[in-house]
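Below is one structure; the comments refer to it alone.
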Amino acid sequence: MKKIIFTVLALWGAFSAFSDDGGSWYPEDWTYGNIYVKEPNDKIALEKELMIVEQSSKSSYDEKTNTRTKLHGSEVEAIFGFKNTTAQSVVVPCAFPVVVSTQVAVKKDGFLSNYIEVGNGYSSKLEVLEVALGRKLRFKEADWESGERRWGTTDATKNDLLSVDKKLRTVPIAEYLSELKNYKASETLSPCQIVQDGKKIAVQTVGIETAIEKHDENTESLKETAYREHNQVEVYTIKVVLHFFHELTFKPAASSKLSVKYAIDAAKGGRSYRHSFVYDISTGGTWKGDIKSFVVLTDSSMDIKNSKTKFEITDLGEMCNWKRTYLYCAENYKPQKDEYFVFDLNSYGYECDVWLSNRKSMQDFVSGVRSSSELSGSYKISSDNQDGEDGNLVPSTYEAKTSFDGNLLNGWVEGVKGDGIGEWIEFTLSKNVLGPFATNGLRRFGGSLKSEYYDENESVYKTIHGTNSSWESNNRVKSMILSSEGKNIAELQFEDKCLEVLTSPADWIWQSAIKNPQLLKTGTYRMTINSVYKGKKWDDTVLGEVWFVPIEDKAGNIILNDDFFKKPILQKTRQFLSLK
């Protein structure tokens, strides 16, 4: 028990800087911890770790059943690469900690309310209070809206609350799950999903530690509240630590891959809607040796606190729903005591990166562009990616280099008879990259033009006079074979997707027609036309602008040389691309 309490206190130390100020719609604060052992382990080394942190989520809605199903998002997945450094089988008791803090108000009659009157008023999650008290709570007043009230005056008292202060409750997992079902609790309080070497590992017991502290500032604010409808006199903060205990078995002198996944609750409401939570990485510092390779892929900014390690940051730009995507990397990393990460996701837009707004000069790692054939001649395009008029045009060729010139309105057109199957475009990369990304077909104009408009019913661009636009007149790419040094790497799949009107350079990535980009090392690559979408007028096949996202050196060296990192990162970045 002493070890459990020590870990709890360590988590709370990191957590204390993020107490609620009473001004949010959701007064919960969450801290999640890395895997830890009860005692420092000198036999099992943690050699690799990949954290995938996703706060933006995607769901599907079924109108027939009036239900919404989460597809992915709002979760953390931690993938660990362990190594048993001994010649014996080793069984290690482990745990994952979760800390949640919420608030409750005490009324004049001593009963508790999970609606807090401070400021504009806000409600806390009932299930957190129920987990702390260990019983289902009833409301003393009927809900005039839904019939099943989730906030208001409960049948619990201040004495009930104070009786659980500093108490440790350990329950079998079956009993804990039964409690959650009875409380109708959200999935964020559920145990993590653990898989070791393809086998599910069951959580055996759950340790629940609760501490109660009076919130002096909010209590004082109640005295100044103009509207005393709820007769509230005190506000208390409840901190609950959940430890999901399990056992891991490591075979003699063998490596072991462990995956841990759990839902997160990070919503912060108020004047600006955002998501934020704390990840206490210090609990992962109890394994033997340093983590040789440590990578975080996230759609949030990661603020690193109390660390002696310098992390390399790769900004992958906008990949999902106006959210940034980042890679954080470190080598020979040993988490320190009191070290933690803060993941912050702001739902508002952002200023574009230099590399997005100045593509031509920032893609200087691409050279040696050539093709098997090119259509001869020239044509007119808008002089501005974002807008243009018929009288504001500039000439462009159909050469391969136009697909790498930073202009979204032109592109390479193959020069043979027929659809151009087997024709190719080639280039050399001097940096490790994520890509390729590409627009599809010949757009020619950007913005709103007198001569061309977007038909929402048919999802195509047409001319005012009703004839086909340049985009639908020509062939577009359906698939291309990506190869290097004569070896095929992948079949790139293209959507038959016309470039939309641009509002800013930050729109680039989500306008890409390629939905299965690759992680590529430096070298020379070839993209060969494999199939096409037929044009309505001509057989010329048009590839639009092609671009890549450069990856910093350390990240490239770690990720591209090890499928432990490469496969899940590639899968997740592709998933991010579908979030719009």
Side-chain angles (χ1 to χ4, degrees), residues 1-11 13-14 32-52 76-98 192 194-199 201-204 207 243-262 279-296 304-312 328-341 554 557-559 561-565 568:
M1 179 183 294
K2 289 182 179 179
K3 181 62 181 179
I4 295 174
I5 295 174
F6 173 79
T7 305
V8 169
L9 293 175
L11 286 169
Y32 301 89
N34 207 346
I35 189 171
Y36 72 92
V37 289
K38 290 184 177 180
E39 303 294 339
N41 194 292
D42 61 353
K43 298 178 181 179
I44 307 301
L46 176 55
E47 297 184 327
K48 309 173 187 177
E49 181 174 352
L50 169 62
M51 284 178 56
I52 300 176
V76 169
E77 180 176 11
I79 305 172
F80 305 90
F82 288 105
K83 178 66 179 293
N84 185 349
T85 62
T86 73
Q88 295 81 37
S89 180
V90 178
V91 177
V92 182
C94 302
F96 278 87
V98 174
C192 42
I194 309 170
V195 177
Q196 184 181 21
D197 299 325
K199 180 182 177 181
I201 303 298
V203 172
Q204 298 172 347
H243 295 270
F244 299 113
F245 294 106
H246 56 282
E247 286 188 347
L248 300 178
T249 300
F250 298 94
K251 296 179 181 179
S255 297
S256 179
K257 183 177 180 180
L258 182 75
S259 170
V260 181
K261 184 184 295 185
Y262 46 86
Y279 191 92
D280 182 19
I281 190 66
S282 69
T283 59
T286 51
W287 299 94
K288 181 179 180 179
D290 296 342
I291 305 174
K292 295 178 181 178
S293 301
F294 180 82
V295 179
V296 180
I304 304 157
K305 303 290 188 180
N306 303 328
S307 179
K308 296 180 180 179
T309 302
K310 183 174 178 59
F311 283 75
E312 177 195 78
Y328 293 83
C329 296
E331 293 178 310
N332 301 317
Y333 171 54
K334 186 71 170 179
Q336 303 295 310
K337 181 182 178 181
D338 299 327
E339 184 173 350
Y340 61 94
F341 306 145
K554 186 180 294 183
N557 291 336
I558 293 174
I559 296 166
N561 295 307
D562 192 342
D563 282 344
F564 177 92
F565 296 100

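Worth knowing before you read on, the calculation uses all heavy atoms, side chains too, and leaves out hydrogens, waters and symmetry mates.
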Table please: side-chain donor-acceptor pairs of residues 247-254 below 3.5 Å, with sequence neighbours left out.
none

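- Residue Lys292 qualifies as open at atom NZ: its count of foreign heavy atoms under 6.0 Å is 12 or below.
- No cation-pi contact links Lys305 to Tyr340, judged by a cut-off of 6.0 Å to the six-membered ring centre and 45° from its axis.
- Judged purely by distance below 3.5 Å, without hydrogens or angles, the side chains of Ser256 and Gln196 pair a donor atom with an acceptor atom.
- The aromatic ring centroids of Phe80 and Trp287 lie 6.0 Å or more from each other.
- The side-chain hydrogen bond (donor to acceptor under 3.5 Å, both in side chains) test applied to Glu312 returns no partner, not counting sequence neighbours.
- Using a 4.5 Å cut-off on side-chain heavy atoms (C-beta onward), Lys48 and Asp562 make contact.
- Contact check for Ile559 versus Asn561: no side-chain heavy atoms found under the 4.5 Å cut-off.
- A donor-acceptor contact closer than 3.5 angstrom links the side chains of Ser307 and Glu339.
- Between the side chain of Asn306 and the backbone N or O of Asp338 there is at least one donor-acceptor pair closer than 3.5 Å.
- Contact record, Gly33 with Thr283: C-OG1, 3.7 Å, taken as the closest heavy-atom pair.
- Taking CE of Met51 as the start and CD1 of Ile79 as the end, the distance is 11.0 Å to the nearest 0.5 Å.
- Pro568 is listed as a side-chain neighbour of Ile52, based on a closest heavy-atom distance under 4.5 Å.
- Under the 6.0 Å cut-off for aromatic ring centres, Tyr333 and Phe311 qualify, their centroids lying closer than that.
- Between the side chain of Asn84 and the backbone N or O of Ile44 there is no donor-acceptor pair closer than 3.5 Å.
- Scanning all heavy atoms of the two residues, the minimum distance from Gly81 to Phe564 falls at N-CZ, 3.5 Å.
- Here the closest heavy-atom approach between residue Lys288 and residue Lys43 is recorded as CD-N, 4.2 Å.
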Could you walk me through whether Lys83 and Glu47 satisfy the salt bridge (Lys or Arg N to Asp or Glu O under 4.0 Å) test, starting with their C-alpha distance in whole Å, then the side-chain angles of each, then the deciding distance to 0.1 Å, before giving a yes or no?
CA-CA 7 Å; Lys83 178 66 179 293; Glu47 297 184 327; 5.1 Å; no
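- Judged by distance alone, the side chains of Ser282 and Gln336 never bring a donor and an acceptor atom under 3.5 Å apart.
- Ala78 and Tyr279 make their closest contact through CB-OH, 4.4 Å (heavy atoms, listed as atom of the first residue, atom of the second, distance).
- With Gln204 contributing its side chain and Ala202 its backbone, the two residues share no donor-acceptor pair below 3.5 Å.
- A 4.5 Å side-chain heavy-atom check between Leu258 and Val195 finds every atom pair outside the cut-off.
- Taking every heavy atom of both residues into account, Ile558 and Cys329 meet most closely at CD1-CB, 4.3 Å.
- In this structure, CZ on Phe96 lies 10.0 Å from OH on Tyr36, to the nearest 0.5 angstrom.
- Side chains of Phe565 and Ser293 form a contact here, defined as non-hydrogen atoms less than 4.5 Å apart.
- Judged purely by distance below 3.5 Å, without hydrogens or angles, the side chains of Glu49 and Asn34 pair a donor atom with an acceptor atom.
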